Participant: 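Supplied in structure tokens, the structure appears directly below.
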Amino acid sequence: MNVQMWTYILVGVTFALYIGIAIWTRAGSTKEFYVAGGGVSPLANGMATAADWMSAASFISMAGIIAFAGYDGSVYLMGWTGGYVLLALLLAPYLRKFGKFTVPDFIGDRYYSKTARLVAVFCALLVSFTYVAGQMRGVGLVFSRFLEVEINTGVIIGMIIVLFYAVLGGMKGITYTQVAQYCVLIFAFTVPAIFISIQMTGNPIPQLGMGSTLADGSGTYLLDKLDGLSTDLGFAAYTDGSKSLVDIFAITLALMVGTAGLPHVIVRFFTVKRVKDARKSAGWALLLIAILYTMAPAVAVFAKTNMIDSVVGKSYADQPDWLKNYEELGLIAWTDKNGDGIVQYSPGNAFTSKKPEEIYDGKNRTALGSRATKSVDNSNPNELYIDNDIMVLANPEIANLPGWVIALVAAGALAAALSTAAGLLLVISSSVSHDLIKKVVNPNISEKGELIAARLSAVGAVCVAGYFGINPPGFVAATVALAFGLAAASFFPSIILGIFYKRMNKEGAVAGMVVGIVTMLLYMVKYRLGWFDEALPGKDEWWFGISPEGFGTIAMLINFVVSLVVCHFTSPPPQEVQYIVENIRIPSGAGEATGH
Amino acid sequence: MSNKQSNATAYWKENIKYLFILLGIWFAVSYGAGILFKDALNELRLGGFKLGFWFAQQGSIYVFVILIFVYVRIMNKLDKKYGYDEK
């Protein structure tokens, strides 16, 4: 059976499974819609959180980014896992005890203010929409790559599937589909990783294979070989990296506190029964995430070594089939700058653009058989453009694995993208139906009316997300990574202070959130999108040498400082709020999550 | 201060103490071993890994997982000690 057939079968079976689960677990009340009825077991919640958290970016792109960044890629590994320690220790148990439906709900009640609630709703929508647009695009890309449909058709298929289980099932449907999606995605990531680890090092555990000696009997350690290959080609040693210490520090911290402040991750802890279950499910979530996150750097090392070994310094005619396949898809491009027919790879850009349609010269081919290219960047000798994403996508082919493994990777990537999109859509719909409609616009709305509003907002959110997936605004790709900065700059300080500082009042929290998110937005717009200047300002203009990705750390500190200063010049919070804060610090008697 | 309240205050104090210890370890393995002292640690090796690089890409993640489960354990004990345990 060919790869195409396998892909249709595996993707079809997994989709049928998700839809089946959605019908079986559909929500009948707002409580089921918002927090899955509140009785999810810690292990199931851990799996759902892991699937919710691991997006198309984690599944497909992360290993590739690490492969090209080397040590610098550690910021993603430590940042995105270290945030769970903060979640488990500083947020999850207390928010569960507080017992509300959404993050703006916590902010609104703890800071006894409609303004605070509205600011929180705005932040939640901003973070979720920047993030979800990227996911829908990811779904479209995976569809177009594996099922050979138009990207836009792919986005629409994805929308229909998500619409089905998010609207029908709410949090309850999403939770159990995410459990299934976790199993699919982790299996799909692990199988090729194990095969390649055995091929390259003889060690079946990728995490250990990464630090083992090569299987060719030379006794050389894999990482030493890769360090040597990298420096020979003129790059920094793989295990050294090239980012500044302060920037590595700032990016890691921004990703950690951003993770702990992402509303779609936080709400998952409202779905368990007791406070101790919230702590435990954070542990399960991180353990399950760590399986993929410790394998990704191994996949990066295997794929990078393989790529340099089998591609660089060889003539085009001798290139492996997978390279030619991905050249066809626009994920690899080669231009023979020095006309020797051999593939050269070194630092610098091979092309001035990264879009395949601007690189390829139609369907033309050169005398050597490679695709004819234009927009060549002649300022350096590098001849090869490689998209980050092929490191995971091409892995099974590089290792000559059977067709069903390649199809499995497609199903896994779709599971990762769809589960995250669904989680985000739920945050958007509950922010609108619960925090805007029920709490601000029409407090007298009936349970049934609120449920209808929740479903309608989910439909609206899917349509907006789909629109951005089909017509991606230029800034989406640039801002997805910055959603973390936004979350770090807005929610994290006000939630932490709300729990750990009894004296914290509404004036301080509102001022902190507003100043934090505005600073972050301005920095993003100036240094990432370059809207204020003729050209995008360079690295030497960054404040304290910190990149836009790491700036969330500074914006978060500004939020903390502003909150504390303003809070000291205004009156303390009312006595009953101080009682609430004392109460959430005690784990017993959490009762059920309620919206009233 | 009533009995109930002093019980809660004592519980919170112990809770905060554990948070400081655990977050201290969290900081040490990631920002310490993985970033600030990476170059020094890279002089040492763990099989094929340079130690600083290992902490940055693998070791810190393993420690994070262990930290949360240790936290779950000590908090469950603490809940029992102060009578806040839930069946």
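Letters A, B, ... mirror the listed sequences (proteins, then strands); counts begin at 1. Just so it is clear, the model here is predicted, and its values are computed rather than measured.
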Participant: Validate the cation-pi geometry between A:K304 and A:F235: distance from NZ or CZ to the six-membered ring centre under 6.0 Å, angle to the ring axis within 45°.
Facilitator: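 Satisfied, under 6.0 Å and within 45°.
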
Participant: Any salt bridge linking A:R274 with B:D85? Criterion: basic side-chain nitrogen under 4.0 Å from a carboxylate oxygen.
Facilitator: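 Between B:D85 and A:R274 there is no salt bridge, as every charged N stays at least 4.0 Å from the carboxylate O atoms.
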
Participant: Checking heavy atoms, do the side chain of A:I66, its backbone, both or neither come under 4.5 Å from chain B?
Facilitator: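 For A:I66, the side chain is the part near chain B, not the backbone.
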
Participant: Name the region of B:I16, side chain, backbone, both or neither, that has any atom closer than 4.5 Å to a heavy atom of chain A.
Facilitator: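 The answer is the side chain of B:I16.
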
Participant: Does OH in A:Y293 sit with more than 12 non-hydrogen atoms of other residues, nucleotides or ligands closer than 6.0 Å?
Facilitator: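 Atom OH in A:Y293 is crowded, with more than 12 foreign heavy atoms closer than 6.0 Å.
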
Participant: Any pair with a residue in residues 55-64 of chain B that passes salt bridge (charged side-chain N to carboxylate O under 4.0 Å, His left out), sequence neighbours left out, goes on the list, sorted by first then second residue, please.
Facilitator: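 Residue pairs passing salt bridge (charged side-chain N to carboxylate O under 4.0 Å, His left out), neighbours aside: none found.
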
Participant: Which region of A:D227, side chain (C-beta onward) or backbone (N, CA, C, O), has a non-hydrogen atom less than 4.5 Å from a non-hydrogen atom of chain B, or is it both or neither?
Facilitator: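 Answer is side chain: those atoms of A:D227 sit under 4.5 Å from chain B.
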
Participant: Would A:F484 and A:W53 satisfy ring pair (Phe, Tyr, Trp, His ring centres under 6.0 Å), going step by step from the backbone distance to the final call?
Facilitator: CA-CA 12 Å; A:F484 291 89; A:W53 166 247; 5.8 Å; yes

Participant: Under 30°, 30 to 60°, or over 60°: which ring-plane class applies to B:W12 and A:F500, parallel, tilted or perpendicular?
Facilitator: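 The arrangement is tilted - the two ring planes meet at 30° to 60°.
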
Participant: Would you tabulate the side-chain donor-acceptor contacts of residues 22-40 of chain B under 3.5 Å, counting partners in other chains and residues two or more places apart, or write 'none'?
Facilitator:
unit_1	atom_1	unit_2	atom_2	d
B:W26	NE1	A:G82	O	3.2
B:S30	OG	B:W26	O	2.6
B:Y31	OH	A:L253	N	3.2
B:K38	NZ	A:D240	O	3.0

Participant: By a 4.5 Å heavy-atom criterion (distance strictly below it), what part of B:Y11 contacts chain A: side chain, backbone, both, or neither?
Facilitator: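 It is the side chain, since no backbone atom gets that close.
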
Participant: Measure distances from A:L222 to the heavy atoms of chain B and classify the residue's part below 4.5 Å as side chain, backbone, both or neither.
Facilitator: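 No part of it gets close to chain B.
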
Participant: At a heavy-atom separation under 4.5 Å, does A:M210 approach chain B through its side chain, its backbone, both, or neither?
Facilitator: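 For A:M210, the contact with chain B is made by backbone and side chain together.
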
Participant: What part of B:F64 lies closer than 4.5 angstrom to a heavy atom of chain A: side chain, backbone, both or neither?
Facilitator: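 Interface part for B:F64: both.
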
Participant: By a 4.5 Å heavy-atom criterion (distance strictly below it), what part of B:N76 contacts chain A: side chain, backbone, both, or neither?
Facilitator: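 For B:N76, heavy atoms of backbone and side chain both lie under 4.5 Å from chain A.
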
Participant: Against chain A, work out which of B:G52, B:S60, B:G47 has the most heavy-atom pairs shorter than 4.5 Å and name it.
Facilitator: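 It is B:G47.
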
Participant: I'd like to know if A:D224 pairs up with B:R45 as an ion pair, taking the criterion as any Lys NZ or Arg NE/NH1/NH2 lying under 4.0 Å from an Asp or Glu carboxylate oxygen.
Facilitator: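 The answer is yes: the pair qualifies as a salt bridge.
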
Participant: Name the option with the most non-hydrogen atom pairs under 4.5 Å to chain B; the candidates are A:T213, A:L77, A:T239, A:L86.
Facilitator: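 Looking at each of A:T213, A:L77, A:T239, A:L86 in turn, A:T239 comes out on top.
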
Participant: Among the options A:V85, A:L87, A:T252, pick out the one with the most heavy-atom pairs lying under 4.5 Å from chain B.
Facilitator: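 Most heavy-atom pairs within the cutoff with chain B belong to A:V85.
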
Participant: Sort B:Y62 into side chain, backbone, both or neither according to what part of it lies under 4.5 angstrom from a heavy atom of chain A.
Facilitator: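 Looking at B:Y62, just its side chain touches chain A.
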
